[in-house]
**Student:** 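Please see the structure below; I have some questions.
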Amino acid sequence: MMRTRPLKVALLGCGVVGSEVARIMTTHADDLAARIGAPVELAGVAVRRPSKVREGIDPALVTTDATALVKRGDIDVVVEVIGGIEPARSLITAAFEHGASVVSANKALLAQDGAALHAAAERQGKDLYYEAAVAGAIPLIRPLRESLAGDKVNRVLGIVNGTTNFILDKMDSTGAGYQEALDEATALGYAEADPTADVEGFDAAAKAAILAGIAFHTRVRLDDVYREGMTEVTAADFASAKNMGCTIKLLAICERAEDGGSVTARVHPAMIPLSHPLASVRGAYNAVFVESDASGQLMFYGPGAGGAPTASAVLGDLVAVCRNRLNSTTGPGESAYAGLPVSGMGEVVTRYHISLDVADKPGVLAQVATVFAEHGVSIDTVRQQGKDGEASLVVVTHRASDAALGGTVEALRKLDTVRGVASIMRVEGE
């Protein structure tokens with residue numbers, strides 16, 4: 001039997017995502033009520049510019065006082081889609097203190113202060129859900145923390161930023177340079193006027209911190225994630241990747257050490273074999289590859305951003321939280337029982353593709369090979385090409401630690417026959 005008194009929802013933010021949340025709540029009201037067991041009512045919308053016309057939203061619901069809205073006491077669920085650290089953190093905390101559960105899409109805040117927010121929710125016996133914070137419409141957080149709760153996840157490897165994937169895909173498919181591909185992404189609305197958060201990996205790093213924490217039952221903060229942007233990737237890098245049967249993606253990689261004693265989280269461009277499922281992810285789409293003991297390899301794929309896809313994830317959380325509210329219960333909270341140490345990038349072991357500018361004369365290859373051997377880095381393949389006294393030397397290593405590779409590169413730079421290190425890129429997905 002359906003309860004007739006509606007559950008009241010406060011919406012913080014009414015931009016691209018927030019407006020879609022409000023629209024779906026209105027147009028799908030009957031279906032949502034049937035799925036939840038009670039109607040849901042939009043009780044207030046907090047915005048910065050109240051004079052802006054918002055189609056489908058009663059102007060009487062609009063307010064600039066977000067604090068008063070979350071403190072009303074009759075609000076059942078607060079949906080936060082304003083982003084950033086403050087005032088979002090204070091508003092979410094106030095919502096818990098005044099009896100509301102929270103649905104958020106705020107990756108930056110959760111990556112920085114997720115533990116504190118989970119603790120605040122637990123103290124008040126409320127829910128904190130955030131499926132939309134990582135991969136838009138793609139169900140990922142709930143499968144990791146619920147469907148795979150009985151499994152041991154060893155690795156999460158994913159494309160979690162649509163802007164960078166669009167740019168790299170354009171460079172790969174057309175031969176365009178980075179700036180040309182970025183300009184097209186901006187013109188099509190895939191890239192912001194200031195694309196720094198995307199192209200420098202900040203957005204993906206926040207998502208990696210969230211994913212690593214859930215996958216490994218360990219607190220992982222944004223500061224624990226190694227981050228490297230993709231602005232230095234060139235057409236020449238793609239040409240080298242194609243010679244290896246690879247393409248280049250900006251990847252978020254969360255791994256459990258082979259001995260199980262630590263974890264790492266990192267974001268950087270990497271070559272990935274064309275045979276790997278992630279290599280075929282095109283345009284602005286996202287995909288995440290999960291490897292675990294019992295289930296093996298799983299892949300989650302779909303639109304990772306945009307108003308409607310992200311709102312879909314928000315509404316999924318809203319339904320779950322409202323059901324919990326009706327049943328006077330809460331869903332899964334933070335699981336950080338493992339408490340594994342988070343290792344630095346120097347401990348990461350992977351393959352490397354190194355392109356060197358060298359003198360085109362006898363003995364250069366022997367000198368370079370000696371340096372690699374002295375630093376314990378095994379060479380898989382070498383390709384040399386040159387003329388007129390100059391040459392390029394491309395070395396692909398077997399698996400080596402980042403620290404060992406760093407020492408190797410420093411030693412290579414000191415060789416008189418090495419003119420410069422043109423590029424270094426990790427090779428993943430094998």
Side-chain angles (χ1 to χ4, degrees), residues 6-26 28-29 32-33 35-46 66 69-70 72 74-84 87-111 113-114 116-118 120-122 124-146 206-207 210 214 305 307-327 329-334:
L7 292 161
K8 295 189 176 183
V9 177
L11 179 61
L12 307 184
C14 198
V16 173
V17 176
S19 60
E20 280 295 311
V21 170
R23 182 189 67 80
I24 295 172
M25 285 184 63
T26 302
H28 294 181
L32 290 173
R35 294 167 192 170
I36 292 168
V40 287
E41 174 188 308
L42 189 59
V45 182
L69 178 59
V70 301
R72 273 177 37 175
D74 65 333
I75 299 297
D76 294 288
V77 183
V78 170
V79 174
E80 183 271 309
V81 289
I82 57 177
R89 174 171 50 198
S90 297
L91 292 170
I92 289 174
T93 302
F96 292 140
E97 292 172 349
H98 287 79
S101 290
V102 173
V103 173
S104 176
N106 196 330
K107 53 189 170 288
L109 178 58
L110 289 158
D113 291 321
L117 293 177
H118 274 293
E122 186 175 357
Q124 303 299 331
K126 298 296 181 283
D127 276 321
L128 173 61
Y129 275 45
Y130 43 91
E131 184 68 65
V134 172
I138 305 171
L140 185 58
I141 289 177
R142 192 170 290 117
L144 279 174
R145 72 177 184 179
E146 296 182 31
K207 295 171 180 178
I210 295 169
I214 296 170
T310 305
S312 171
V314 170
L315 267 295
D317 279 350
L318 179 63
V319 169
V321 169
C322 285
R323 286 171 175 169
N324 291 343
R325 191 87 173 183
L326 287 179
N327 294 321
T329 187
T330 56
E334 183 188 33

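Hydrogens, waters and symmetry mates are skipped; everything else that's a heavy atom, side chains included, is used. All values derive from a computational prediction rather than experimental measurement.
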**Student:** Write down the atom of Ala133, the atom of Lys107, and the distance for their closest heavy-atom approach.
**Tutor:** O-CB, 3.2 Å
**Student:** If you count heavy atoms of other groups shown closer than 6.0 angstrom to CD of Gln124, is the number above 12?
**Tutor:** yes
**Student:** Considering only heavy atoms from C-beta outward, does the side chain of Arg323 approach that of Arg35 to under 4.5 Å?
**Tutor:** yes
**Student:** Begin with the C-alpha distance, continue with both residues' side-chain angles, and end with the deciding distance and a verdict on side chain to side chain contact (heavy atoms under 4.5 Å, CB included) for Asn324 and Tyr129.
**Tutor:** CA-CA 12 Å; Asn324 291 343; Tyr129 275 45; 3.3 Å; yes
**Student:** Contact between Lys126 and Thr330 at the side-chain level, heavy atoms closer than 4.5 Å - yes or no?
**Tutor:** no
**Student:** Within the structure provided, determine whether Val321 and Leu318 are in side-chain contact (heavy-atom separation under 4.5 Å).
**Tutor:** no
**Student:** Dump the intermediate steps for side chain to side chain contact (heavy atoms under 4.5 Å, CB included) on Leu109 and Ile92, then the final yes or no.
**Tutor:** CA-CA 10 Å; Leu109 178 58; Ile92 289 174; 3.8 Å; yes
**Student:** To the closest 0.5 Å, what do you measure between CD1 (Ile214) and CZ (Arg142)?
**Tutor:** 11.0 Å
**Student:** Does any N or O in the side chain of Ser19 come within less than 3.5 Å of the main-chain N or O of Val16, such that one atom is a donor and the other an acceptor?
**Tutor:** yes
**Student:** Counting C-beta onward and ignoring hydrogens, is there a side-chain heavy-atom pair between Thr310 and Glu20 closer than 4.5 Å?
**Tutor:** no
**Student:** Mind checking the CG-CG spacing from Asn106 to Asp113? Nearest 0.5 Å is all I need.
**Tutor:** 10.0 Å
**Student:** Distance from Asp127 atom CG to Glu122 atom CD, nearest 0.5 Å?
**Tutor:** 11.5 Å
**Student:** How close do Ala43 and Lys8 get, counting heavy atoms only, and between which atoms?
**Tutor:** CB-CB, 3.9 Å
**Student:** Does some side-chain heavy atom of Thr26 sit less than 4.5 Å from a side-chain heavy atom of Leu42?
**Tutor:** no
**Student:** For Cys322 versus Leu7, what's the shortest heavy-atom pair and its separation?
**Tutor:** CB-CD1, 3.6 Å
**Student:** Side chains of His98 and Ile75: does their closest heavy-atom pair fall under 4.5 Å?
**Tutor:** no
**Student:** For the side chain of Asp76 and the backbone of Ser101, is there at least one donor-acceptor N/O pair under 3.5 Å apart?
**Tutor:** no
**Student:** Run the numbers on Glu334 and Leu117 for side chain to side chain contact (heavy atoms under 4.5 Å, CB included), then give the verdict.
**Tutor:** CA-CA 9 Å; Glu334 183 188 33; Leu117 293 177; over 6 Å; no
**Student:** Does some side-chain heavy atom of Leu69 sit less than 4.5 Å from a side-chain heavy atom of Val78?
**Tutor:** no
**Student:** Passes side chain to side chain contact (heavy atoms under 4.5 Å, CB included), Val314 versus Ile24? Steps please.
**Tutor:** CA-CA 10 Å; Val314 170; Ile24 295 172; over 6 Å; no
**Student:** What is the distance from atom CD of Glu41 to atom CE of Met25, rounded to the nearest 0.5 Å?
**Tutor:** 8.5 Å
**Student:** Could you tell me whether the side chain of Glu80 and the main chain of Ser104 form a donor-acceptor pair under 3.5 Å?
**Tutor:** no
**Student:** Side chains of Leu110 and Leu128: closer than 4.5 Å at any heavy-atom pair?
**Tutor:** yes
**Student:** Compare every heavy atom of Val70 with every heavy atom of Ala94, then report the nearest pair and how far apart it is.
**Tutor:** CB-CG2, 3.9 Å
**Student:** Minimum heavy-atom separation for Ala66 and Ala46, please, with both atom names.
**Tutor:** CB-CB, 3.6 Å
**Student:** Rounded to the nearest 0.5 Å, what separation is found between the CD1 atom of Ile138 and the OG atom of Ser312?
**Tutor:** 11.0 Å
**Student:** What heavy-atom pair brings Arg145 and Gly333 nearest, and what distance separates the two atoms?
**Tutor:** NH1-O, 4.4 Å
**Student:** Do Arg72 side-chain atoms and Gly44 backbone N/O form a donor-acceptor pair below 3.5 Å?
**Tutor:** no
